[in-house]
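See structure below.
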There are 2 protein chains.
Amino acid sequence: MLAEERFAKITEIVEQKKSVTVLELTQLLGTSESTIRRDLTALHKMNRLIKVHGGATAIEMDYATKDADFAVRKDMNVEEKKVIAKYAADLVKNNDFVYLDAGSSTDYMVDCLEERDAVYVTNAISHAQKLIRRGFKVYLLGGPIKKSTEAIIGVEALKSLEKYNFTKGFFGTNGVDIKHGFTTPDNAEALIKKQAMEQCHEAYVLADSSKIGQISSVKFAEFEDAVAITVSLHDDTMKKYNNIVEVNEK
Amino acid sequence: MLAEERFAKITEIVEQKKSVTVLELTQLLGTSESTIRRDLTALHKMNRLIKVHGGATAIEMDYATKDADFAVRKDMNVEEKKVIAKYAADLVKNNDFVYLDAGSSTDYMVDCLEERDAVYVTNAISHAQKLIRRGFKVYLLGGPIKKSTEAIIGVEALKSLEKYNFTKGFFGTNGVDIKHGFTTPDNAEALIKKQAMEQCHEAYVLADSSKIGQISSVKFAEFEDAVAITVSLHDDTMKKYNNIVEVNEK
DNA sequence: GACTGAAAATGATTGACTATGACCGAAAAT
DNA sequence: ATTTTCGGTCATAGTCAATCATTTTCAGTC
């Protein structure tokens, strides 16, 4: 049986049953545990199901978030981002006043957040929506919306940021480089990131491995201005810096 | 049984019964007390229920949300609302600067909008999202989000409204009454509606038949401050007013 | 078309890890 | 004061990822 055939069958079974164990799958597909496990790992990385201890469950989305998630689906380095996001989410503690930047990395972070007694400020429409639905306290910045990222930008947002003093801030980035700092392709968004970061007591940048060493067009912070959270680096050039956290890839 | 399966079952039971004891759950799921306790702790952390001594209770909806659920209300008088929304949408012309209030009536209006050279300002997250996805220019007000309606409220939004001068504004309402004007159950939202309407050159209120003659707790405008758009009235008491438009059903 | 070596997929094995249920002293409710 | 519930600990059973041997696949060669 072809791998893709199994993938299709497993996906179908999971969609239909909502959850399934490894043992069940071995019986239904007449193949070994090892293979099923490998398949589940692969499908999980492809975001076609959620691998859990003992088996897998379907990806269920609360219907309003469906199309928003579609864009995120064909995202790169999903697994890495989720690990980084989990680590970042655990940094939020009781009574924190948190800034959440727009972007896919911070989106995964929203899914992991547990702290309900914190207050969140964001410029991302989808984040605000997810957060409010999960019962968190949320402030949204005001201003024009950028179509491609559905993030609030503009002078008004910059102005309102000035009055906040965040205990922690979490940012996405397109490039991390020791010399060129944190960079992103859009100037309007860079301005927001820069301003927001200045208002943060602790600033964290979520950077999966594809961002390391990259340089994009607009700098929003120096490398030493924030703590970079990334997965284990194979490159040693950054190891000597103490503002970089390496999360172990689960 | 997979942990997620148990989570789902427990959540369902709690939702349905509103409260449940640990003992009941051990019997219903045929598992040990320890496991149930661990599950409840996990689910509590996930915000899927509230763990209490002896068991768990469902997450109760915001009491202020008593003005009927967004989802439920959206389904009332759908056909009427759509007709009204279509009429309202056609009022938007090239170069208009439009304020769009939160609510289900204006939501249907978003679906009907055709004018792309207008600029829209709204306090509703979902409207902003729909509009931007349809390629319109959108400004979102900033501030805290009200959970039940997912609308921006608060002083910040009021402040930023002051500087706008809308050519047209479209509002939802809970009650229309000649003597008591336009009313709505939530004070914070009433303030926003009031301020926004003051900035409008032309203000329209979308009111399906269930709203006519109703009086809710907070007034946000006098009856003569806006043009009410409704379906054909069978009651003649309002006919003499010239600020009421009756759209023919269908 | 058959042979061959490299690459990929599979299944078995294993030590490490995780979830579970029983137990028990502490905490809370009555 | 008594009973119930709680949360931590522990042994056990179940599950996992990594490794390795075997089989399958496939391109290149004769």
Side-chain angles (χ1 to χ4, degrees), chain A residues 1-14 17-59 77-84 86-87 89-90 94 112 114-116 209 231-232 234 246-250, chain B residues 1-14 17-59:
Chain A
M1 187 187 296
L2 250 40
E4 265 305 332
E5 265 183 84
R6 282 200 318 273
F7 287 175
K9 282 188 185 175
I10 292 173
T11 308
E12 198 188 330
I13 291 166
V14 169
K17 295 192 46 173
K18 297 301 169 199
S19 73
V20 71
T21 67
V22 174
L23 187 66
E24 283 178 292
L25 287 172
T26 59
Q27 289 159 355
L28 285 164
L29 303 197
T31 184
S32 75
E33 222 173 274
S34 296
T35 302
I36 294 296
R37 284 188 207 292
R38 274 187 281 252
D39 287 354
L40 291 184
T41 308
L43 289 165
H44 181 81
K45 278 192 180 158
M46 288 187 257
N47 251 16
R48 286 168 62 177
L49 50 72
I50 296 166
K51 191 163 169 284
V52 297
H53 193 93
T57 67
I59 297 177
N77 300 314
V78 177
E79 265 320 291
E80 267 190 33
K81 284 182 178 177
K82 282 185 179 170
V83 175
I84 293 168
K86 179 72 176 77
Y87 180 90
D90 288 343
N94 206 335
C112 304
E114 281 173 8
E115 186 48 58
R116 288 207 286 284
S209 58
V231 293
S232 305
H234 301 294
E246 292 178 37
V247 186
N248 283 326
E249 239 179 308
K250 235 319 242 339
Chain B
M1 186 187 297
L2 249 39
E4 267 303 331
E5 280 182 73
R6 282 200 318 272
F7 288 173
K9 284 186 185 174
I10 293 173
T11 308
E12 199 186 329
I13 291 166
V14 170
K17 297 189 50 172
K18 298 301 167 199
S19 76
V20 71
T21 67
V22 174
L23 187 66
E24 282 178 294
L25 287 172
T26 59
Q27 289 160 354
L28 285 164
L29 303 195
T31 185
S32 76
E33 223 174 275
S34 297
T35 300
I36 294 296
R37 285 188 207 292
R38 274 186 281 250
D39 286 354
L40 291 184
T41 308
L43 288 165
H44 181 81
K45 259 194 181 178
M46 286 188 263
N47 212 11
R48 285 168 65 176
L49 50 71
I50 295 163
K51 189 164 171 280
V52 296
H53 194 91
T57 67
I59 293 177

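Sequence lines set the chain letters: A, B, ... in the order given, protein chains first and strands last, and positions in each chain run from 1.
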Inset, instruction - Whole angstrom is fine here: how far is it from CD1 in B:Ile36 over to P in D:dC6? - result: 12 Å
Legend entry - From CZ (A:Arg6) to CG (A:Leu28), nearest 0.5 Å: 13.5 Å
Inset, instruction - Please check the phosphate of C:dT10 (OP1 and OP2 only) for any side-chain N or O of A:Ser32 closer than 4.0 Å. - result: no
Inset, instruction - Could you pull out the closest heavy-atom pair between A:Ile59 and A:Asn47, with the gap in Å? - result: CD1-O, 2.7 Å
Legend entry - Terminal helix-axis angle for the helix from C:dG1-D:dC30 to C:dT30-D:dA1, with five pairs defining each axis and rounding to 10 degrees: 40°
Inset, instruction - Determine: side-chain N/O of B:Lys51 to OP1/OP2 of D:dG7, distance under 4.0 Å, yes or no. - result: yes
Inset, instruction - Identify the two heavy atoms, one from B:Met1 and one from B:Lys9, that lie closest to each other, and give their separation to 0.1 Å. - result: CE-NZ, 3.6 Å
Inset, instruction - Identify the heavy atoms of A:Val78 and A:Lys45 that sit nearest to each other, and give their distance. - result: CB-O, 4.3 Å
Legend entry - Atom-pair distance (CZ on B:Arg6; P on C:dG21), nearest Å: 7 Å
Inset, instruction - Please round to the nearest 0.5 Å and tell me the distance separating atom CD1 of A:Ile36 and atom OG1 of A:Thr26. - result: 6.5 Å
Inset, instruction - Remember a base hit wins even if backbone is also touched, and classify B:Thr31 as base, sugar-phosphate or nothing at under 4.0 Å, heavy atoms. - result: sugar-phosphate
Inset, instruction - Provide, to the nearest angstrom, the distance between the CD atom belonging to B:Glu33 and the C1' atom belonging to D:dT5. - result: 8 Å
Inset, instruction - Consider the side chain of B:Ser34, meaning its heavy atoms from C-beta on, and name the nucleotide among D:dG8, D:dA17, C:dT20 that approaches it most closely. - result: D:dG8
Inset, instruction - Take the protein atom CG of A:Leu25 and the nucleotide atom P of C:dG11, then report the distance between them rounded to whole Å. - result: 14 Å
Legend entry - d(CD, A:Glu4; C1', D:dT25) in whole Å: 17 Å
Legend entry - Length of the line joining A:Leu29:CG and C:dT10:P, which is rounded to integer Å: 11 Å
Legend entry - Spacing between B:Leu40 atom CG and C:dG21 atom C1', to the nearest angstrom: 16 Å
Inset, instruction - Would you check if the side chain of A:Glu80 reaches a backbone N or O of A:Ser209 as a donor-acceptor pair within less than 3.5 Å? - result: yes
Legend entry - Donor/acceptor link under 3.5 angstrom from B:Arg38 side chain onto base of C:dG21: yes
Legend entry - Length of the CG-P vector between B:Asp39 and C:dG21, whole Å: 9 Å
Inset, instruction - Tell me which nucleotide among C:dG11, D:dC6, C:dA19 gets nearest to the side chain of B:His53. - result: D:dC6
Inset, instruction - Tell me, yes or no, whether the heavy-atom count around B:Phe7 atom CZ, taken from other residues, nucleotides or ligands under 6.0 Å, exceeds 12. - result: yes
Legend entry - Nucleotide nearest B:Val22 when distance is taken to its side chain, options C:dG21, D:dA17, D:dC6: D:dC6
